[in-house]
Chemist: 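Let me begin by handing over the structure; questions about it come next.
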Amino acid sequence: MLQLKNVHKTYGTKENAYEALRGVSLDIQDGESVAIIGKSGSGKSTLMHIMAGLDTPTTGTVEIDGVSLGKMSEQERAIVRNEKFGFVFQQYFLQPRLTVMENILLPLTIRGTSAGERKKRAEELLAAVGLTDKAKNRATDLSGGQKQRVAIARALANSPKVIFADEPTGNLDTEIGESVITLLFDVHKQNKTTLVVVTHDEDLAKRCDRMLTIQDGKIL
Amino acid sequence: MRLPDYIKFAQTNLLRTKLRTFLTVLALFIGTFTLAMTTALGTGITRYTTTQINAFTQPDTIMVTPPSRRSTSSTGIPEYNPNKSTVTSGGNAQLTTADVDKLKTIPNVTGEYPSYSVQPEYIQYGTGKKYVLAVTALRPQSQLTLVAGSLPSSTDTAATVIPYPYVATLGFANSAAAIGKTVTIHFNGLPVTSGTKAKPITTVPSKDIQVVIRGVLADTITSQQTYLAPSVMEDLSNFQNGSTAQFYEIALTVAPKSSTATLNAVKAAAIAKGYQAETPADVLKQVQQGLSVVQTALDGFAGIALLAAMIGIVNTLLMAVLERTQEIGLLKALGMRRNGIFGLFVYEAISIGFWGGLLGVGLGMAIGPVINNILSHTLLKGAVGLKLLVFPLPYMAAIVGLGMLIGFIAGALPAARASRLNPIDALRNE
Ligand SMILES: Nc1ncnc2c1ncn2[C@@H]1O[C@H](COP(=O)(O)OP(=O)(O)OP(=O)(O)O)[C@@H](O)[C@H]1O
Ligand SMILES: [Mg+2]
C-alpha cells in the first residue's frame, strides 16, 4: 500500500547540502508492521516524514494505494494525512490548552465531523486507551505515559490505514514504554492497521513483522 | 473545521495569554469607545439642531430677504457707488408691501407672510404680573415642536402658542394647565399729537388682545417667540406702523409637500426678481455642513486610536504565531489545511476586534445616559428635550463591525504567515 521508489532527500543547498536519504526504495503491505531502526542521524525520521507526506523527497516518488503523493497538491496531501494516516511522536505534541478529549478529537475537528458523531467517537477512543476518567483534564496535567496514550487515541481518531510512530517510547521509562507498545500493537492487530515505527528499542523492533535498518541514508 | 470550532479555538487561545489579550483589547476599546462617543455626540447635536432649525424654518417655505449689495459678487469687492446709499432705515435693507405684491406673482406661491415688526408691551394672565415678550406670525405649515396642546390653524385669530419658559413665569403649574387659558397681550400704537403747536398733547393709543393658549413650544435656544395668527399680526403692524410697515423678510409658502424642484423654482424666481431667497434645505445644509466638519475631526481622533490598536493586534498575533509554531506544525500534520490555519488566527483577531468593539460601545451606551442626565441638570438645564449623546443602534452595531473588520485586516498578515509554515519545520521547532 505504501511504495517508495529511489527516494533521495537533500537538506540545504550548495556547500551546506547534506544528503539525508540516498536512494531508498521500499514496499509496505496492507496491515504490516514495520520497524525502522538505525543510529542517530541515519535518516530514520526523515524517511518517516517523507513516507507520511509531511515532507517531500528531493527526487524519487512516494505512492499511497498507487497514487503519487508528489503529484498531489498541498491540500490533497493534507486530506490524505487527515483521513488515512495517524501520528505518534516522541514529544507527544498535545495541545496544552485543550482537554484530553479535545486533543483526541482534533483530527475529527479538523475534518469537520459533526459534534454528535465526535462525542460518540470520543467515548470509544477514551475507553480504548483507558483514559475515560481523564476526559475533562487538561492535557498538560497528565503523566508521560498517559500523554502518549492520548497521542495514540488521537492517531486512531479517524480510523487511519497507517499509523506512523516516531520513537513512541523515547521519553518513557521501560515499564511505561512497554504498556504503550502493547497498546500500539493491540490497536494494530485489532484494526488491521499498518504500523510504521521508528525506534532505537530492540524489543519494540523485534515485535514487528519486518525490521528495516537504515545507515547513512540507505536501507541495508 | 466548523465555524463554532473556529470561534471556540479562538476564545481558548485568547485566554491563554490573558494579560496580553486584555491589553490588546483595551487598545482597541479606546478607539471604539471614542468612536461611539463622537458618533453619539454628532448624532445628538445633529438631531437637536435639526429640531432647532425646524422650529424657525418651515417646510414648503422660501424665505425672501432684500437684495444684498455685498454678497453674490464674483468679481471681488464692488466699487463704492454714491447713488446707492449704504444707510437704510433700521440699518438693514427693508422690504415693503410693494415687494409683497411683486413676489405674489411668482407661480406656485400660495401665500406671502411678511415678518411684521410688532412690538408688544407685555403679556398678562388674569390679574397676574406683566411680562415682556416677542411676537411673530404663525404661518400655515409651521413645524413647531410642542410639549403640550396642538398647533392652531393660522386662521384661528384668537389663538396663541407660547414658549415653554412662559408657562411657569405666567404662573401655570405645568404646560398642560396652560392650555385653553386666555391671556392678554398689550400693545402701544403710534403716538398721536393733538392740541396746539405751542402746547402739543401727545397721546399713545393702546390696544389689548385676548388670546387663548392652544400650545406650548418645546424649549429651544433659538425660539423664544410667542406666536399669533398672521392676520392679527398684520392688524397690529398697521396699528403700530401705519402703512409704512417694513419687513426684513417675507416668507413665501407653496402647496404642502411640494417637490424640491418647485421650491427651487420659486427660489430662482425670487432671485431673478433681485431678492435673496433660501429654502429650508439651504438652511439645514449650511448648519449640517458645519457640523459634519466637526464630526469628521472627532472621528479622525478615533481613527488614529483605532490605527494604533490595529498595529497592536498585528503585534500580538505575530507573537502568538511564533509561540505556537509547534502547535501549528502539529495541526498541519493532522491534516489542517492552509485555510484552516489562516482561519484560526484570523478568527482570533476578529474576536479581539469583537470584544474591543463590544466593550467600547457597551461602555459608551452605559455611561451615555448618565452624562445626559448630569448635563440636563447642569450645563443644559434650559434645553428641555436635549439629549447631547444619542446612540443609534445601527451605528453602534457598525462600530462593533468595524472593530471586527480592523481585527480581520490586522490578523491577515500574521495568519498568512502561520498558514505558510512547513509542518516539519514547525514540528522540529523546539
Ligand atoms: N532540516 C534539516 N536541515 C539540515 N539537516 C537536517 C535537517 N533535518 C535533518 N537533518 C540531518 O539529516 C540527518 C538525518 O536526520 P534524522 O532526523 O532523519 O535522523 P534520525 O535517524 O531520525 O536521528 P535520531 O535517531 O537522532 O532521531 C541528520 O544528520 C540531520 O542532521
Ligand atoms: Mg529521529
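Chain letters run A, B, ... following the sequence lines, proteins first, then strands; residues in each count from 1.
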Chemist: In this structure, are over 12 heavy atoms from other groups packed under 6.0 Å from Y11(A) atom OH?
Modeler: yes
Chemist: Can you give me the closest heavy-atom contact between R2(B) and G112(A), atom names plus distance?
Modeler: NE-O, 2.7 Å
Chemist: Any heavy-atom pair between the side chains of P423(B) and H49(A) that's under 4.5 Å?
Modeler: no
Chemist: Checking R81(A) side chain against K332(B) main chain: does a donor-acceptor pair fall under 3.5 Å?
Modeler: yes
Chemist: Do T12(B) and E102(A) have side-chain heavy atoms sitting under 4.5 Å apart?
Modeler: no
Chemist: Could you grab the distance from atom CD1 of I110(A) to atom CG of L334(B), nearest 0.5 Å is fine?
Modeler: 5.0 Å
Chemist: Give a yes or no on this: more than 12 heavy atoms of other residues, nucleotides or ligands lie within 6.0 Å of atom CZ of R47(B).
Modeler: no
Chemist: Would you call L331(B) and Q95(A) a side-chain contact if the rule is heavy atoms closer than 4.5 Å?
Modeler: yes
Chemist: Please flag which part of F89(A) lies under 4.5 Å from any non-hydrogen atom of chain B: side chain, backbone, both or neither.
Modeler: side chain
Chemist: With rounding to the nearest 0.5 angstrom, report the CZ to CG distance, R337(B) to N82(A).
Modeler: 8.0 Å
Chemist: Can you tell which part of S114(A) gets under 4.5 Å to a heavy atom of chain B, answering side chain, backbone, both or neither?
Modeler: both
Chemist: Contact between E327(B) and L98(A) at the side-chain level, heavy atoms closer than 4.5 Å - yes or no?
Modeler: no
Chemist: Quick check: are there more than 12 heavy atoms from other residues, nucleotides or ligands sitting under 6.0 Å from CZ of R417(B)?
Modeler: no
Chemist: Can you tell me which portion of E83(A) sits under 4.5 Å from chain B's heavy atoms? Options are side chain, backbone, both or neither.
Modeler: neither
Chemist: For R154(A), is it the side chain, the backbone, both, or neither that has a heavy atom closer than 4.5 Å to a heavy atom of chain B?
Modeler: side chain
Chemist: Tell me, out of L15(B), N13(B), N339(B), N422(B), who's got the most heavy-atom pairs with chain A below 4.5 Å.
Modeler: L15(B)
Chemist: Restricting to non-hydrogen atoms, name the atom on F93(A) and the atom on L330(B) that form the minimum distance, rounded to 0.1 Å.
Modeler: O-CD2, 3.1 Å
